[in-house]
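Comments concern the structure below.
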2 protein chains.
Amino acid sequence: MTPSPELSRAVLSDEIGANVRGVVSTARERARNALTEEILESARGQLATVGAAALSLRAVARDLGLASSALYRYFPSRDDLLTRLIIEGYDALGAAAEAADDPTAQPRTRWHAICAAVRAWALAHPHEYALLYGSPVPGYAAPQDTVAAAGRVGLALGRVLGDAARAGVLPPAEGRRTHLVTPAAAAGLGGEHPDLDDAVRARALLTWSSLFGLVSFELFGHFVGVLTDPDAFFTEQVGELADVLGL
Amino acid sequence: MTPSPELSRAVLSDEIGANVRGVVSTARERARNALTEEILESARGQLATVGAAALSLRAVARDLGLASSALYRYFPSRDDLLTRLIIEGYDALGAAAEAADDPTAQPRTRWHAICAAVRAWALAHPHEYALLYGSPVPGYAAPQDTVAAAGRVGLALGRVLGDAARAGVLPPAEGRRTHLVTPAAAAGLGGEHPDLDDAVRARALLTWSSLFGLVSFELFGHFVGVLTDPDAFFTEQVGELADVLGL
DNA sequence: CGACTGACGAGAGCGGTGCTCTCGTTCTGG
DNA sequence: CCAGAACGAGAGCACCGCTCTCGTCAGTCG
C-alpha cells in the first residue's frame, strides 16, 4: 500500500504549478490540457448519442486512437469522467436559464422564460438531462463540486422571486417563522424581505421541483398518450406554478 | 435465419396450453413456473440491494446455482427481466396508493393519504422507485404491458378528483373545450362532469407530475442541504397541490 | 550540460458482463 | 414407445472498467 510514485497529484487536481497564474508554460502541460479537452469532447459526443449508461472509456480511447489505459492518466475512473460531465451539464443548463432571463422584464414573464429555457434545453439534450435529473448512479455520492453547479438554475429562479418581492409584486407573507428551508437555501431564494417568509420559500421549492417534474415526465415518457400538445400544456402549467408563487 | 426449433413460444408468452384454464398440469410446467418465480425473487433482491444498473443475470444465476445460460430459457434478455420488475414495481406502488385511499373520506384527506403513501413507498424502495421514475434505460421503449401498470397511481388520484366533482366539492369549471388532455386520459381523470373541464384535468396532470417531482428531488438528493424537515415540507406542499386542484 | 525523476502511452492481463451455440439429458404428447 | 421439444451445463465471443509493467520522452536540478 505504499503510494506509487507514478501517481501524481496532478491527476487528481487539475490546476498545479505554473498554471496558478493562468498561464500554461511547458509543452507537456499544454499537451495535457489539449488531450484532456479532446477526451471530454469525445465523451460529450458519446453522452449525447448513446447516453451515460452506455458511455465507455474504451470507446472514447478508440475514438482518440489511444490505449484505454492512457485515459486513466487524465481521469482516475469512469465515475470521475461522468462527474465532470455532470458539472458541465449543470453549467450549461444554468447558462441557458440565465441567458433566457431578462432582469428588466416582469417577474412572471421572467419565470415563464426561464422555465421554457429549461424545458428547451432538456428536449435538446435528453441524455444530458437524464444524467442530471434521472436516477443517480447507484451509490453515487455527489461531490461538492456538483452541488455548486447544480444550484445555478435554482438561483436564477430565486433571483426572480427576490426581485418580485422587492418590486412589491408579491402578496404579503404571513411572516411565518418556521424553518423548513435551510438558511443557506433561503439566501439563494431571494434573500431577506418581509414578503418572503418560510412558507413562501417552501412554495418556491415546490414550484422548482414541479418544473423538473413536468420536464422529467415529458422526457421520460410518462405523458405519452396523455397529452395532445405538450408545448401548450407546459406553458399553461408553468402559469399555474407562477400563480402558486404569487408572481 | 431459419427459426431454431429450440426456441419455443413459451419463452416469450408465459401462458400456454393447459395453463389457459389456470391449472398447471405437467410437472415440467410446474417446475418452470417455480423456477421463474425463483429467478424473479432473486432479481428482486438484487434490485433492492444494488439497484437496477448493477443487477446482473450472472449474479442471479449464481444465486440460484444455475448456469447463466439457463436463465435465457426463462427470460429472453436482461431487459425483459427488468421490464418484468418494472411492471411489478408499478403494481406494488399502485397497490400501496390504493390501500392508503379510503373512498369514504374527504377528497382532500384522500389526496394527502395517497401522496403520503407514494412517498413512503418510494423511501422504502428507493432502487425500485428509481427504476420506475428515474432515467429510462437508453433506448428503452416501454412495452405496452408497462403503461397499463404505470397508470395505477394516476388512476387512484383521478378517482379522488372525480369523486370530489360528483360530491360538489370542486369549484365550478369554466367549461373550457380545448383538448390538451387525451380522451383516454380524461376518462381516467374522473370521467365526465361539468366541474371537470380540460383546464382542470390539465391541472390534475400538473399536480400528478409535481408529486413525483417532489419525491424524486428528495430521493435523488436535490433537496440535500435545502430542507431541514423533509416530512413536514412534503405534507405542506402536498396541501398546496391540493389547493391547486381545488380539493 | 547532463543525469535523474516523473509523466506518459502502449500493451497485456484480470475479473466481470450479456448473450450465443452446442451438446447431452430428460420429460411429454402422439 | 419413441420422436421431438424443453432443459441445464459448459465453452466461447465481444465487450467492459481497471491495474500493472515497461520502454520512452520531457523537464528540472545539480
Side-chain angles (χ1 to χ4, degrees), chain A residues 1-14 16-19 24-36 38-39 43 46 50 52-82 137-139, chain B residues 1-14 16-19 24-36 38-39 43 46 50-62 64-82 137-139:
Chain A
M1 257 321 208
T2 71
S4 147
E6 281 265 336
L7 277 179
S8 96
R9 284 221 155 276
V11 175
L12 302 174
S13 68
D14 274 2
I16 46 158
N19 208 4
V24 176
S25 50
T26 90
R28 186 162 249 169
E29 196 166 347
R30 251 181 295 122
R32 177 176 186 86
N33 290 352
L35 191 42
T36 304
E38 277 188 77
I39 293 170
Q46 292 249 336
V50 299
L55 190 159
S56 100
L57 287 186
R58 291 179 110 110
V60 171
R62 274 194 302 271
D63 190 28
L64 301 180
L66 287 175
S68 65
S69 59
L71 292 191
Y72 290 86
R73 303 274 183 201
Y74 298 84
F75 295 92
S77 78
R78 181 177 178 276
D79 266 20
D80 289 82
L81 216 200
L82 278 183
V137 181
Chain B
M1 257 319 210
T2 72
S4 149
E6 283 265 336
L7 278 180
S8 96
R9 285 222 154 276
V11 176
L12 302 175
S13 68
D14 275 3
I16 47 160
N19 207 5
V24 175
S25 50
T26 90
R28 187 163 248 169
E29 197 167 346
R30 254 182 292 121
R32 178 179 184 84
N33 289 353
L35 192 43
T36 304
E38 277 188 78
I39 293 170
Q46 292 249 335
V50 299
L55 189 159
S56 103
L57 286 186
R58 292 179 110 110
V60 170
R62 275 194 301 272
L64 302 180
L66 286 176
S68 64
S69 57
L71 291 191
Y72 290 85
R73 303 274 182 199
Y74 298 85
F75 295 92
S77 76
R78 181 178 178 276
D79 265 21
D80 289 82
L81 216 199
L82 279 183
V137 181

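Proteins come first, then strands; the chains are lettered A, B, ... in the order of their sequence lines, and each starts at number 1. As a basis for the values below, the full set of heavy atoms in this structure was taken, side chains included, without hydrogen atoms, waters or symmetry mates.
Positionally, the nearest nucleotide of DNA chain D for B:R28 lies more toward the 5' end than for the other of B:G65 and B:R28.
The distance between atom OH of A:Y74 and atom C1' of C:dA10, rounded to the nearest whole Å, is 13 Å. At whole-Å resolution of the value, CG in B:L71 and P in C:dT17 are 12 Å apart. Between B:L82 atom CG and C:dG18 atom C1' there is a gap of 12 Å when expressed in whole angstrom units. Taking atom CD of residue A:E29 and atom P of nucleotide D:dC25, one finds them 21 Å apart after rounding to whole Å. Computed from coordinates, the A:F75 CZ to C:dG9 P distance equals 13 Å when rounded to whole Å. A straight line from CD of B:Q46 to P of C:dT17 spans 9 Å, rounded to a whole angstrom. Between the P atom of C:dC8 and the CG atom of A:L64 lies a distance of 15 Å, rounded to the nearest Å. Taking atom CZ of B:R32 as the reference point, atom P of C:dT28 lies 13 Å away to the nearest angstrom.
A:R32 and A:R73 get closest at one heavy-atom pair: NH2-O, 2.9 Å. Between A:S68 and A:A61, the closest heavy-atom pair is CA-CB, 3.6 Å. The heavy-atom pair separating A:L55 from A:A43 by the smallest distance is CD1-O, 3.6 Å.
With sequence neighbours left out, B:S56 forms a side-chain contact (heavy atoms from CB on, under 4.5 Å) with B:R58, B:A59. Listed by chain and number, the residues in a side-chain contact (heavy atoms from CB on, under 4.5 Å) with B:D80 are B:P76, B:S77 (sequence neighbours excluded).
Note on B:L35: only backbone sugar-phosphate atoms sit closer than 4.0 angstrom, heavy atoms only; bases stay farther off. Within 4.0 Å (heavy atoms only), A:A31 reaches no atom of the nucleic acid at all.
For A:R73 and C:dA7, a side-chain-to-base donor-acceptor distance below 3.5 Å is absent, hydrogens and geometry of angles not being considered.
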| task | Quick one, give me the B/S/- string for nucleotides 11-19 of chain D, reading 5' to 3', where B means a protein heavy atom under 4.0 Å from the base and S means that only happens at the primed atoms, P, OP1 or OP2. | result | -B---BBBB
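Atoms CG and CD1, on B:L71 and B:I39 in that order, are 5.0 Å from each other to the nearest 0.5 Å.
Fit an axis to the five pairs at each end of the helix from C:dC1-D:dG30 to C:dG30-D:dC1 and the two axes sit 0° apart, to the nearest 10 degrees.
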Close N or O pairs between protein and nucleotides 28-30 of chain D (under 3.5 Å):
none

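Counting only heavy atoms from C-beta outward, the side chains of B:R30 and B:N33 never approach each other to under 4.5 Å. In this structure the side chain of A:F75 never reaches within 4.5 angstrom of the side chain of A:L57, judged on heavy atoms. Using a 4.5 Å cut-off on side-chain heavy atoms (C-beta onward), A:L35 and A:L66 make contact.
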